[in-house]
Structure formats: structure tokens, C-alpha cells
Amino acid sequence: MQNQTICKIVESEIDLDKLLEELTQNTTGAVVMFTGLVRGITERKNPHETIQLEYEAYQPMAEKMMQRVADEIRLKWSNIETIAIIQRIGRLNPGKPTVIIACSAAHRDTGVFDAARYGIDRLKEIVPVWKMEIGPEGDAWIEGDYIPKSND
Amino acid sequence: MQNQTICKIVESEIDLDKLLEELTQNTTGAVVMFTGLVRGITERKNPHETIQLEYEAYQPMAEKMMQRVADEIRLKWSNIETIAIIQRIGRLNPGKPTVIIACSAAHRDTGVFDAARYGIDRLKEIVPVWKMEIGPEGDAWIEGDYIPKSND
Amino acid sequence: MKQVTILFFATLRDMTGERRIMKMIPDDMLIAGLKDVLIEEFPRLKDIINSVIVSMNHEFAFNDAPIPSDAEIALFPPVSGG
Amino acid sequence: MKQVTILFFATLRDMTGERRIMKMIPDDMLIAGLKDVLIEEFPRLKDIINSVIVSMNHEFAFNDAPIPSDAEIALFPPVSGG
């Protein structure tokens with residue numbers, strides 16, 4: 001079976017059980033899935049309640065940059081088998097999954113945890129997706145703080 | 001919402017989407033799920049094909065030790081919200097999930113990856129579950145190598 | 001002269017009031033020159049242009065990059081997905 | 001004398017041919033003493049008894065532990081779940 005890379009922007013719910021099957025090859029013994037969700041209540045920094053988040057993507061570039069994140073993962077952790085990077089866009093309520101980074105490998109000590117961690121960190125740097133907080137007093141774009149470099 | 005700890009031995013399939021919901025509080029923004037699966041083909045050490053694995057647990061002690069693993073996680077990473085530790089037992093085919101360790105937290109930089117990693121490592125040390133390889137030339141128990149200490 | 005497409009996302013779309021515009025630019029224009037042209041057209045960009053991220057044909061693009069014909073250029077703030 | 005239940009798992013069950021036995025033991029017996037009794041009853045345990053893991057009432061138990069009445073004691077190999 002060949003190592004697969006799944007990178008996509010979606011507008012509907014992400015089915016984790018189906019995704020786990022897609023991540024499973026006949027040599028796979030370990031899968032790490034990171035899920036990011038809309039927090040209803042944020043306590044850190046600027047404590048607030050969230051009514052909804054609206055996600056927007058520059059889709060063709062986002063999918064290309066997700067592929068780049070996956071390529072970087074493979075360069076760093078050559079034992080990773082399947083990689084899935086999925087960002088959901090649209091209006092999402094608190095509690096809803098918005099992003100999944102999942103990596104599979106034969107064994108758990110092959111970097112599969114670090115690879116998933118690296119994947120979500122890099123996604124939040126280079127994948128062109130933005131979120132807007134829908135609030136009782138109006139809407140506000142949330143801005144990141146990473147400025148891409150010439151090797152991104 | 002209160003931080004929950006889910007520790008159980010099950011004999012049926014584990015529903016990841018349902019589990020993700022159980023892990024999600026109104027403050028949750030990050031979930032890491034580790035899934036261990038039956039490998040069809042093992043290449044490391046003693047390369048072989050697996051037809052099936054049969055898992056057996058000393059159930060009441062296993063659930064108590066899972067609870068201990070969860071307690072250890074909370075001592076080390078106090079920001080972890082919900083913890084789920086689920087071991088499936090019975091006869092399982094290659095590709096089937098056998099164990100899940102999942103941790104949720106408000107943010108991804110709170111130790112949620114390390115906590116899940118620690119959870120699966122400790123489960124493989126102190127939770128009394130054994131697996132038998134069902135092979136064409138007969139069955140063979142797979143033995144671990146960890147000898148518990150007086151503080152386990 | 002060559003034609004380029006320019007896309008605006010998130011706050012940049014709000015500031016310019018545009019999602020997508022077409023522009024004719026001189027053959028030897030670099031990204032830096034295009035930024036100057038856009039500041040002239042959308043004066044609100046002036047204060048923030050240095051923190052605006054620019055991509056060209058789906059790759060990050062910097063001031064000294066030449067612009068090919070039919071380039072798709074996008075302007076957006078630092079990303080905040082996930 | 002007091003009664004205890006002894007459970008055998010995985011390879012230990014295969015070696016003893018037993019899943020669960022009841023035993024009467026002296027009041028002051030420690031885990032070490034119970035191991036000696038079991039080796040006498042199941043001679044195949046002799047060679048491996050030092051790598052056998054013992055639990056008592058669902059906690060790991062070591063040679064110097066006293067055994068309470070009605071204890072549930074289990075013998076098993078190093079775990080291999082996950």
C-alpha cells in the first residue's frame with residue numbers, strides 16, 4: 001500500500017471513523033489525530049464567549065500549502081505513512097471540530113505525535129485561512145501573527 | 001462543565017466521533033487522540049504477518065489501572081480537561097483499532113500531545129491486558145517487558 | 001503592459017471593499033511597485049501595507065519578485081485558521 | 001487459616017491449566033510464601049516465578065506483602081495490551 005496524503009478544505013462535518021480507515025494501511029499500528037474545535041469559552045489572554053466563528057479560506061493556495069506542510073512532515077519524520085490535513089470552513093458553533101491533522105505510522109515511537117504537533121503549528125503559520133468572531137457587538141477578524149519567510 | 005475521566009474495556013467498535021463529543025467541553029479547543037491498531041504486516045524486529053490478535057484483560061484491575069494512568073496525567077499536565085482511555089478486547093483483525101488514548105484541553109500548547117503519549121506508554125506498562133497472536137502455525141502470547149515497581 | 005488578477009481576503013477585503021480586481025501593469029513591475037499602485041487606489045492600505053501578506057500564483061511573494069503575465073496575486077492578513 | 005482466590009491470566013493460565021482456584025492459607029502468609037505453595041502445586045511455575053507479576057485486590061503486590069482474608073490474587077506475565 002502506498003503512503004497517501006489527504007489535504008482538503010471542506011464545508012461539511014468531518015467523519016473521524018472514516019478518516020481513521022483512510023489512514024490505516026496494512027502496516028499501520030499507530031495513528032495520532034489532532035482536532036481543533038471552536039471554544040465556547042476562552043479564558044486565556046482576552047477572556048470571552050464565542051457565539052460562532054466564520055472560517056474563510058483562499059482555497060487553492062490553502063490546499064497547496066497544506067501539501068507543503070505534509071511534505072515538510074515527511075522530510076522530518078520519514079516513517080510517517082498517511083497524512084491527513086483537513087480544514088473545515090463556514091460558520092461553526094462552539095464545540096464543532098474545525099481542523100484535523102492526522103498521521104499514521106507502524107509504531108508510536110516513530111515521531112507520529114511530533115509530526116501531528118508540527119502539522120498544526122505549521123498550518124497556523126502558512127495555510128491561508130482566516131476566522132472571524134461573530135459576536136453580540138459585531139464581527140471581528142482574528143489575525144494571526146506569523147509573517148511568511150522566503151522559504152515558506 | 002467538569003473534567004471527566006472515561007476509562008473502560010469494551011468488546012465492540014469504538015466510535016471516534018461520539019468519543020470526540022464526550023471529550024468536548026465548552027472550554028475545549030484541542031483534542032489529541034492516539035489510536036493503536038492491529039498491524040497486518042510488522043516489519044520491525046521479527047517481521048511477520050498477523051492473521052488476528054486476541055486481547056484478554058483482567059477487567060476490574062485494568063479499569064483501575066487506567067484510572068491510575070489518568071490520575072498520573074492530571075498530576076503532570078494540570079490543564080488537561082477530559083481524558084479517555086479505552087481498550088478493546090476480543091479477536092481483532094488487522095486494521096482494527098484496539099486502544100484509544102484521548103486528551104482534551106483549551107489550547108494545543110498545554111501538554112495535550114505529551115499527555116496522550118504518556119498515556120499510551122503507561123498503559124503498556126501497568127494495565128493488565130495481554131494479546132495473543134493467532135497464526136497459521138498456532139497461537140502465541142505476546143509478552144511485554146515491564147516489571148511493575150512498588151509505586152506503580 | 002500585462003494583466004493581473006488581484007484578490008483580497010479577510011480584513012483586506014473589508015478595507016478595500018473589493019474581493020477581486022483586474023489590473024493592467026507595466027511589464028517590469030515588481031511586487032513592491034504593485035503595492036504602491038494599490039496604496040494609491042486604496043489609501044487605507046498605506047498604514048498596514050508592511051504587515052500585509054502577498055501571494056502570487058499560490059506562493060508567498062516578496063517585494064523584489066517580478067510579476068508574470070496573468071499572475072493571480074492575493075493580499076491578506078497573517079493567517080488565523082485551525 | 002484464611003481463604004483466598006487466585007486467578008491466572010495469559011501464559012500463566014496455560015501453564016497451570018487453571019483460570020481460578022480457591023485456597024486456604026495460614027494467617028501470616030506473605031506473597032512470597034504463597035508463591036512457594038503455588039510452585040509446589042504447579043512445578044512448571046518454578047523457572048519463571050521471578051518474572052511473574054502478582055496483584056492483590058487489583059494492586060500490584062510484592063513478596064513482602066501480607067495477605068488479607070478473601071484477597072483476590074492474580075498471577076500474570078508482563079502486560080502486552082494496547
Side-chain angles (χ1 to χ4, degrees), chain A residues 1 13-21 23-45 47 49-50 53 79 81 93-121 123-124, chain B residues 1 13-21 23-45 47 49-50 53 79 81 93-121 123-124:
Chain A
M1 242 178 284
E13 298 224 351
I14 302 160
D15 181 331
L16 289 187
D17 293 290
K18 190 158 155 278
L19 184 62
L20 181 63
E21 276 180 35
L23 282 153
T24 305
Q25 306 175 202
N26 54 10
T27 50
T28 301
V31 172
V32 173
M33 289 183 167
F34 172 83
T35 306
L37 307 102
V38 178
R39 268 188 308 280
I41 295 175
T42 296
E43 289 163 351
R44 195 193 268 184
K45 280 184 209 159
E49 276 191 49
T50 295
L53 291 181
N79 290 312
E81 296 178 343
N93 289 327
K96 286 291 172 192
T98 61
V99 67
I100 310 273
I101 312 279
C103 297
S104 64
H107 304 273
R108 74 186 186 285
D109 60 359
T110 51
V112 74
F113 284 91
D114 293 337
R117 173 75 201 260
Y118 179 86
I120 183 62
D121 288 349
L123 178 135
K124 284 172 174 269
Chain B
M1 241 175 285
E13 297 224 351
I14 302 159
D15 181 330
L16 289 186
D17 292 291
K18 189 158 156 278
L19 184 63
L20 182 64
E21 276 181 33
L23 282 152
T24 304
Q25 305 174 203
N26 53 11
T27 51
T28 301
V31 173
V32 173
M33 288 183 168
F34 172 83
T35 305
L37 307 101
V38 179
R39 269 189 307 280
I41 296 175
T42 296
E43 288 163 350
R44 194 193 269 184
K45 279 186 212 159
E49 277 192 47
T50 295
L53 291 181
N79 290 311
E81 296 179 342
N93 290 326
K96 287 290 172 192
T98 61
V99 65
I100 310 275
I101 312 280
C103 296
S104 65
H107 304 274
R108 73 186 187 287
D109 60 359
T110 51
V112 75
F113 285 91
D114 293 337
R117 174 74 201 261
Y118 179 85
I120 182 63
D121 286 350
L123 178 135
K124 284 172 174 269

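Basis for what follows: all heavy atoms, side chains included, without hydrogens, waters or symmetry-related copies.
- One finds the OG1 atom of B/Thr28 at 9.5 Å from the CZ atom of A/Arg39 (value rounded to the nearest 0.5 Å).
- Of the possible donor and acceptor atoms, none in the side chain of A/Asn26 sits under 3.5 Å from a partner among the backbone N and O of B/Ile41.
- Scanning residues 108-118 of chain B against chain A with a 4.5 Å heavy-atom cutoff picks out B/Arg108, B/Asp109, B/Thr110, B/Phe113, B/Ala116, B/Arg117, ordered by number.
- Among the candidates A/Arg44, A/Glu21, A/Glu49, the residue making the largest number of heavy-atom pairs closer than 4.5 Å to chain B is A/Arg44.
- Taking CG of A/Leu37 as the start and OG1 of B/Thr27 as the end, the distance is 10.5 Å to the nearest 0.5 Å.
- With hydrogens and angles disregarded, no donor-acceptor distance shorter than 3.5 Å links the side chain of B/Asp17 to the backbone of A/Asp15.
- In this structure, A/Thr35 and B/Met33 have side chains that are not in contact, with every pair of non-hydrogen atoms separated by 4.5 Å or more.
- Partners of B/Lys96 under the side chain to side chain contact (heavy atoms under 4.5 Å, CB included) rule, at least two apart in sequence or in another chain, are B/Glu13, B/Arg88, B/Leu92, B/Asn93.
- Options A/Gly40, A/Ala102, A/Gly29 differ in how many heavy-atom pairs under 4.5 Å they form with chain B, and the most are formed by A/Gly29.
- Of the listed residues (A/Val38, A/Ile14, A/Val99, A/Leu20), the one with the most heavy-atom contacts under 4.5 Å to chain B is A/Leu20.
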